Participant: 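Quick one: structure below, then a few questions.
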There are 2 protein chains.
Amino acid sequence: MTGASDSKPRTRIQQKNSETILEAALDVFSTYGFRGATLDQIAEVAGLSKPNLLYYFPSKEAMHQALLTRLLATWLDPLRDLDPKGDPLDEILGYVKRKVELSRDFPRESRLFANEILQGAPRMRDAIEGELKTLVDEKAKVLQGWMDQGRIARLPPVHLVFSIWALTQHYADFDAQTRAVLGAGHDPFAEAGDYLDTLFRKLLAP
Amino acid sequence: MTGASDSKPRTRIQQKNSETILEAALDVFSTYGFRGATLDQIAEVAGLSKPNLLYYFPSKEAMHQALLTRLLATWLDPLRDLDPKGDPLDEILGYVKRKVELSRDFPRESRLFANEILQGAPRMRDAIEGELKTLVDEKAKVLQGWMDQGRIARLPPVHLVFSIWALTQHYADFDAQTRAVLGAGHDPFAEAGDYLDTLFRKLLAP
DNA sequence: GTCTATATCTTGATAGAC
DNA sequence: GTCTATCAAGATATAGAC
């Protein structure tokens with residue numbers, strides 16, 4: 001009707017089933033990685049038959065690709081929001097905060113990404129060398145500018161970004177470990193939010 | 001001859017082949033995770049036939065278990081070395097340095113560990129809730145003592161340990177990403193060593 | 001100790017009835 | 001659109017010759 005915008009789902013039921021499938025696929029891919037995941041598992045989680053999955057997506061590969069595509073936008077948006085005109089400390093601490101929230105609210109997405117990079121990023125290489133690198137380079141210049149103005153401590157900007165990623169995503173990716181070590185009665189993400197705010201305040205003080 | 005000490009390898013050729021197999025298994029498991037890895041791949045990397053692999057290890061599971069067991073010791077030793085009687089800053093920076101070196105020299109081990117935790121630590125749960133947690137609790141007390149004495153900044157000790165893990169292991173686990181973003185002409189691990197030394201100096205200053 | 005051959009099960013994907 | 005049945009390839013593991 002409205003012409004081909006981009007992908008498959010046209011009717012409402014198709015839209016809904018595609019969503020159900022991707023949701024289930026996210027569960028399984030994020031835990032077992034691409035090769036470790038099976039269509040049987042995804043079908044079971046989705047509550048649909050295996051052939052039905054393949055009615056909506058042409059292949060296992062296509063499901064994975066669909067997830068990665070939507071993931072990248074979600075993942076990079078907070079960094080994209082880093083405003084060169086804002087207050088340096090506010091901007092960076094805001095970015096850290098949003099990344100902690102992402103880890104808390106979308107841990108499966110974080111693990112899907114981690115799985116992909118761990119395996120050498122075979123299905124995301126282009127995005128990482130292109131879109132992601134471009135954005136990091138751009139924001140690294142912003143950080144460098146702030147450092148040159150003496151508004152935040154002088155640190156290698158790209159490694160500073162790596163630190164934010166490593167520290168925030170750790171709580172999603174290594175959730176099994178952090179919970180086991182902290183023991184019951186802890187809210188890892190709440191504690192992480194406070195702790196990382198403190199950490200970056202100290203680190204960035206000129 | 002000498003009685004059963006612990007595991008399989010007795011003769012020299014057995015010792016050597018077991019090593020070759022574990023080396024190959026580490027390659028494959030660390031990249032694809034347990035379920036994503038196949039004996040065919042491991043056999044090819046090892047340069048041995050598939051049945052020959054299973055002559056030395058009773059199952060795929062057993063190979064993985066053998067790797068995890070030896071991994072845990074390597075992984076915890078540097079933390080175990082943290083000396084309560086030493087200078088706080090030296091001890092912590094020394095630990096960070098050793099962890100960076102581990103990431104540089106044993107990235108596959110780091111990724112094997114990451115894969116296992118990402119999947120919810122199904123084959124390491126006991127070790128994490130036991131040995132690892134015990135050690136962290138013990139060292140957290142040491143850190144807390146130093147903080148109470150005003151010798152380093154007051155921070156949640158367990159989260160401080162998480163930070164060290166996250167920041168150092170990131171360079172091994174996300175190697176594909178860091179190299180892509182940094183571009184050619186960079187030595188990620190050398191830069192990480194300097195950067196993290198600076199970072200923790202600032203963070204721990206009382 | 002090592003290999004070829006193979007048993008057995010699982011997996012991604014398709015055919016075709018409904 | 002959804003299901004049952006099924007195929008062909010790939011998976012772990014074993015049998016048995018050498």
Side-chain angles (χ1 to χ4, degrees), chain A residues 1 4 7-68 112 115-116 119 122-123, chain B residues 1 4 7-68 112 115-116 119 122-123:
Chain A
M1 274 283 187
S7 54
K8 285 122 239 155
R10 277 157 213 170
T11 75
R12 255 163 240 160
I13 189 163
Q14 281 177 334
Q15 177 65 40
K16 180 170 168 292
N17 275 344
S18 290
E19 268 314 309
T20 305
I21 291 167
L22 285 181
E23 178 69 13
L26 177 56
D27 248 49
V28 180
F29 282 132
S30 68
T31 301
Y32 297 105
F34 179 74
R35 292 190 38 177
T38 72
L39 292 182
D40 276 306
Q41 284 181 287
I42 298 173
E44 187 178 340
V45 174
L48 294 169
S49 71
K50 195 161 49 162
N52 210 358
L53 260 58
L54 293 163
Y55 171 78
Y56 287 96
F57 293 88
S59 66
K60 178 183 176 183
E61 188 75 47
M63 290 177 212
H64 194 251
Q65 197 56 55
L67 286 172
L68 286 186
L112 179 70
N115 252 312
E116 174 65 12
Q119 297 177 19
R123 299 157 221 275
Chain B
M1 274 287 187
S7 55
K8 286 121 238 155
R10 275 156 213 171
T11 73
R12 254 164 240 158
I13 189 164
Q14 281 176 333
Q15 177 66 39
K16 180 170 168 291
N17 276 343
S18 290
E19 268 314 309
T20 305
I21 291 168
L22 285 181
E23 177 69 14
L26 177 57
D27 248 49
V28 180
F29 282 132
S30 68
T31 302
Y32 296 105
F34 179 75
R35 292 189 38 177
T38 71
L39 291 181
D40 275 307
Q41 284 180 288
I42 298 173
E44 185 176 342
V45 174
L48 295 169
S49 71
K50 197 162 40 163
N52 209 359
L53 259 58
L54 293 163
Y55 171 78
Y56 286 96
F57 293 89
S59 66
K60 178 184 176 182
E61 188 75 50
M63 288 176 212
H64 194 250
Q65 196 56 54
L67 286 172
L68 286 186
L112 179 69
N115 253 309
E116 174 66 12
Q119 297 177 18
R123 300 156 221 276

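Since we're looking at a predicted model, the values are computed, not measured. Order of the sequence lines sets the chain letters (A, B, ...), proteins ahead of strands, with each chain counted from 1.
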Participant: To the nearest 0.5 angstrom, please state how far the NZ atom of B:Lys16 sits from the OG1 atom of B:Thr11.
Facilitator: 11.0 Å
Participant: Quick one: A:Tyr55 OH to D:dT4 C1', roughly how many Å, whole number?
Facilitator: 18 Å
Participant: Hey, can you pull the residues of residues 30-51 of chain A with a non-hydrogen atom under 4.0 angstrom from DNA chain C?
Facilitator: A:Ala37, A:Thr38, A:Leu39, A:Asp40, A:Lys50, A:Pro51
Participant: Expressed in angstrom and rounded to an integer, what is the separation of A:Leu54 atom CG from D:dA8 atom P?
Facilitator: 18 Å
Participant: Given atom CG of B:Leu53 and atom P of D:dA13, what is their separation to the nearest angstrom?
Facilitator: 11 Å
Participant: Contact boundaries of DNA chain C with chain B (under 4.0 Å, heavy atoms), 5' to 3'?
Facilitator: C:dG1 to C:dA5
Participant: Show which side-chain atoms of residues 21-34 of chain A pair as donor or acceptor with protein atoms under 3.5 Å away, not counting sequence neighbours.
Facilitator:
| from | atom 1 | to | atom 2 | distance (Å) |
| --- | --- | --- | --- | --- |
| A:Glu23 | OE2 | A:Arg108 | NH1 | 3.0 |
| A:Glu23 | OE2 | A:Arg108 | NH2 | 2.8 |
| A:Asp27 | OD1 | A:Arg108 | NH1 | 2.5 |
| A:Ser30 | OG | A:Leu26 | O | 2.7 |
| A:Ser30 | OG | A:Asp27 | O | 3.1 |
| A:Thr31 | OG1 | A:Asp27 | O | 3.0 |

Participant: Keeping to residues at least two apart or across chains, list the side chain to side chain donor-acceptor pair (under 3.5 Å) pairs with something in residues 57-67 of chain A.
Facilitator: A:Glu61-A:Arg123
Participant: Looking only at heavy atoms, what is the nearest atom pair of B:Ala43 and B:Ser49, with distance?
Facilitator: CB-C, 4.1 Å
Participant: A:Asp40: which residues meet the side chain to side chain contact (heavy atoms under 4.5 Å, CB included) condition with it, sequence neighbours left out?
Facilitator: A:Thr38, A:Lys50
Participant: Between A:Ser18 and A:Tyr56, which heavy-atom pair has the shortest distance, and what is it?
Facilitator: OG-CD2, 3.7 Å
Participant: Flag the pair B:Leu48 / B:Ile42 as yes when at least one side-chain heavy-atom distance between them is below 4.5 Å, and no otherwise.
Facilitator: no
Participant: Does A:Glu44 have any side chain to side chain contact (heavy atoms under 4.5 Å, CB included) partners at least two apart in sequence or in another chain, and if so, which?
Facilitator: none
